Number of protein chains: 2
Amino acid sequence: MDGDVIRHGSREAATGPLHRGTNQSGMRAHNERLVLSLVRQHGSLAKSDIARMTGLSAQTVSVIMRELEADGLLVRQAPVRGRIGQPSVPMALDPDGAFFIGLKIGRRSAELVLIDFLGSVRSMLHHSYRYPTTGETVAFVATGLKELRSGLDARQNGRIAGLGIAMPFELWNWIDAAGAPREVMDAWRHCDIRAEIQALCDFPVHLQNDATSACGAEMVFGQAASLRDFVYFYIGAFAGGGIVLDGRLYGGRTGNAGALGSMPVPGPDGRPTQLIDRASIAVLERTLAARGIEASHLWTSPQDWGDIGPELDAWIADAADALAYAIVAASSVIDFEAAVIDGWMPTAVRRRLVEAVAKAVGRIDAEGLKLPVVREGTVGIHARALGGASLPLSERFLLGATALTGATHMEESRPS
Amino acid sequence: MDGDVIRHGSREAATGPLHRGTNQSGMRAHNERLVLSLVRQHGSLAKSDIARMTGLSAQTVSVIMRELEADGLLVRQAPVRGRIGQPSVPMALDPDGAFFIGLKIGRRSAELVLIDFLGSVRSMLHHSYRYPTTGETVAFVATGLKELRSGLDARQNGRIAGLGIAMPFELWNWIDAAGAPREVMDAWRHCDIRAEIQALCDFPVHLQNDATSACGAEMVFGQAASLRDFVYFYIGAFAGGGIVLDGRLYGGRTGNAGALGSMPVPGPDGRPTQLIDRASIAVLERTLAARGIEASHLWTSPQDWGDIGPELDAWIADAADALAYAIVAASSVIDFEAAVIDGWMPTAVRRRLVEAVAKAVGRIDAEGLKLPVVREGTVGIHARALGGASLPLSERFLLGATALTGATHMEESRPS
DNA sequence: TCAATAATAAATAAGAGTGATTTATTTATT
DNA sequence: AATAAATAAATCACTCTTATTTATTATTGA
């Protein structure tokens, strides 16, 4: 039918906070998402592969995938010959199948990113400030959206599936630390930023914790896709985290799951402190500032910090100890398969940090636990913005999705 | 049709470790479990209530509930008059709808319990020992099963839906601490106790971590049913825990989620130790033994410890501090709604402990977190055995169930 | 070596079966 | 008369089963 338009909105009222019954359209929706999730995970799959993997009949898979192809979400690739029997026709995601926009609102800058159905970045915009304000942010999004959309043709524009905002939990509680006036802080507290941005868009707008979003990006676009569950740390100006359970991003009832920055860890004097006070880039900046070293390039040049010297070594050592402790504590709550660490830092620093964490984990008493492997993140500095964009992607097209994440978006009723 | 027999076995091969498609029978199964879960949670509900709550059509609910009634799982109660319109007929769980057996294997004793569909204990058997052995345990179950079943008539006997074993994770790693010979330890390591007991039963046998099981009992039978998620501590000879997420018991990929006894907490000298070293009854026993006080009644008389004196006060204070710390750490991983504490102790001690924990939580820096309320468990000392029995109940009749818990049971193919 | 045939696997059309929904009706109450 | 619960009958959507078509490789026999 009309493969040129993506319809927004939920299939049902979805009012119930708890338990919903299932019907046929729910069943079909589930199976469609399952197919898309598997194709995304494996790059491309033939209908017969999907049938084997899902336990669905070949005919059912045939019907579903033909429809997804007609909808412009899947494209058939060159038949694979060389095996007995009719050659199989692998099907892959159509990069132009859908587009998603991610917005990261951070302490020093905002980012707006447009990605395609494969997660490739089509364009990206930056906006720097000393501290974020609601008005400026909305204005940035308004002009930014126009610019992003101008790079898409009419068909592509019609296939934007949503926008996701990645923003720190209760931004207003730390904004003053950035030297912002009190009014600015209060403006954030009382502003429904999601609604403001929703007013600029004809597609659904979602909002989620920034570190949880980064975790979502790692799950959907990163190499962590093969992991069933992992705990994720994003080390930015502050430290935050995310949780993936059974292939689903778990945002938590209040949207504050994975608040790993607030994890109590032993402090320098033996008394407990919070992870954020030992493993955040703000700590490194403060150390450098105390030595009289100008450190603004930590924020402006995350790909290359240049030569920092012994302060960096000390920071890595201390942050790694704290992270290791947090990983063990988290593993006693959930038996994670892996701990993934990423952040606003050069990849070389990230690698050193992860190596140090892996060593430090081994020094902690973990009797009775099966410790997760410690891994580097694979998405990198833009994980939060990409994670924002991954929100509508997960919500619409992937299994499990963000039903439990506390993510919110505006409901529309389906046309017809 | 045949409402006198409970059929065991899964609807499909269920081989796939990851992603399965859904079909109509899966849809119906889901909706049936949903109905049973809601009725259990609310005591009794009319068909029209269920329709409103689930979003299913009245007709669908009518069909499903009539079938559940014919299957002997639901019973209709007295019509409710006094409101406009036809009186509604509430339906409740039939106590004789199904029976479940729970087996707890502990450090000093085993328990076997038979419960009905409502969770009421129909009979209970104890077996004490200095340390558990595989042979003695199987023999206890063999004779115990006969005894339990002899109290049921033929129809009831046919409606036993399963047996759940609640046993410490890797029992053999701490059995020697109980003074057991090495052979006994190795026997547990190499024995598939689930299979041994399965051989005695014509219904499925499940196995799960004992503290996770206790948590399941609290979720299914306790007053925590209204909570969407909580973290649970069971303070026995050792300390363990369980996790409930979105109404589901989360056992974890390896079955070791909620290993809260291994949570690192600050030790007396400031250096980290494990929760189990501060908040377990073994610690209290050791303290008493060091004072020359005979303390075996801690194990044998959990309803009443008599007068212990200042050692108990000190233990409560220290255990509460450690538990508070663990609760805050757990809350930075998952934004739990509540922390529930239960254990092998008199209710008066439990109350004092919980009060002390609630106070201690307030003394910990928890910026950036929304702390859970601290609550007493409502199931009590037999939570582990009851939790074992709750396993087949959840598995067969409740939503979400234990698909993620690492619980295992034998598959049978459905007849015809 | 080359054609003919067998075996295998992918894909799908047609029809059957299942379960939820819609619509209309009955019943019991205020 | 209005309202609400309950359900029968008809309809609709989706998956499953069965049978068929198609494309390929493997095997056989001259």
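No experiment lies behind these values; they were computed from the predicted model shown. Order of the sequence lines fixes the chain letters, A, B, ..., with proteins taken first and strands second; residue numbering starts at 1 for each chain. These numbers come from the heavy atoms of this one structure, side chains and all, not from hydrogens, waters or symmetry mates.
Classification of Arg28(A) and Glu67(A) as a salt-bridged pair holds, one side-chain N sitting under 4.0 Å from a carboxylate O. A salt bridge does not link Asp96(A) with Arg159(A): every distance from a Lys NZ or Arg NE/NH1/NH2 to an Asp or Glu carboxylate oxygen is 4.0 Å or more.
The nearest heavy atom of DNA chain D to Met27(A) and to Pro87(A) marks one nucleotide each, and the one closer to the 5' end goes with Met27(A). Where Pro79(A) and Pro90(B) each meet DNA chain D at their nearest nucleotide, the meeting point lying more 5' is that of Pro90(B). Each of Gln59(B) and Gln59(A) lies near DNA chain C, and the nucleotide nearest Gln59(A) is the one positioned closer to the 5' end.
Pairing for dA16(C) is with dT15(D), a Watson-Crick or G-U wobble pair whose two hydrogen-bonding atom distances lie under 3.5 Å. The pairing partner recorded for dT30(C) is dA1(D), the criterion being a Watson-Crick or G-U wobble arrangement whose two distances lie under 3.5 angstrom.
At a threshold of 4.0 angstrom between heavy atoms, the contacts of Ser57(B) include nucleobase atoms, whether or not backbone atoms are also involved. Counting non-hydrogen atoms under 4.0 angstrom, Val89(B) reaches the backbone sugars and phosphates but no base. Counting non-hydrogen atoms under 4.0 angstrom, Arg52(B) reaches the backbone sugars and phosphates but no base.
Between Thr60(A) and dT15(D), a side-chain N or O to OP1/OP2 separation shorter than 4.0 Å is absent. At dT7(D), one or more side-chain N or O atoms of Ser62(B) fall inside 4.0 Å of OP1 or OP2 (strictly under the cut-off). Between Arg83(A) and the phosphate of dA26(D), there is no side-chain N or O to OP1/OP2 separation shorter than 4.0 Å. Phosphate proximity of dA6(D) to Ser48(B): present, with a side-chain N or O under 4.0 Å from OP1 or OP2. Contact annotation: Arg28(B) does not reach the phosphate of dT18(C) (side-chain N/O to OP1 or OP2, under 4.0 Å). OP1 or OP2 of dT21(C) has at least one side-chain nitrogen or oxygen of Asn23(A) nearer than 4.0 Å.
Across the protein-nucleic acid pair, Met53(B) atom CE and dA5(D) atom P stand 14 Å apart, rounded to whole Å. Summarising the geometry, the separation between CG on Leu45(A) and C1' on dA11(C) is reported as 16 Å, rounded to the nearest angstrom. Rounded to a whole Å, the CG atom of Leu56(B) is 16 Å from the C1' atom of dA6(D). Atoms CZ (Arg76(A)) and P (dA23(D)) sit 13 Å apart, rounded to a whole Å. Regarding Met91(A), its CE atom lies at a distance of 12 Å from the C1' atom of dA11(C), rounded to whole Å. In this structure, the CD atom of Glu67(B) is 14 Å from the P atom of dA8(D), given to the nearest Å. Spacing between atom CD1 of Ile64(A) and atom C1' of dC16(D) amounts to 12 Å, rounded to whole angstrom units. For Arg66(B) and dA5(D), the CZ to P distance is 17 Å, given to the nearest whole Å.
Nearest to the side chain of Ala46(A), among dA11(C), dA6(D), dT7(D), sits dA11(C). The Gln24(A) side chain lies nearest to dA13(D) when the options are dA13(D), dC16(D), dA23(D). Taking only side-chain atoms of Asn31(A), from C-beta outward, the nucleotide of dT15(D), dT21(C), dA13(C) with the closest atom is dT15(D). Relative to the side chain of Ile84(A), the nucleotides dA23(D), dT21(C), dT8(C) differ in distance, and dT8(C) lies closest.
Side-chain contact check for Val75(B) versus Glu69(B): every heavy-atom pair is 4.5 Å or farther apart.
Annotation for Gln223(A): atom CD does not count as buried by contact number, only 12 or fewer foreign heavy atoms lying within 6.0 Å.
Under 3.5 Å, the side chains of Arg248(B) and Ser394(B) contain no donor-acceptor pair of N or O atoms.
Note that Arg40(B) lies in the cation-pi zone of Phe117(B), set by a 6.0 Å cut-off to the ring centre and a 45° limit from the axis.
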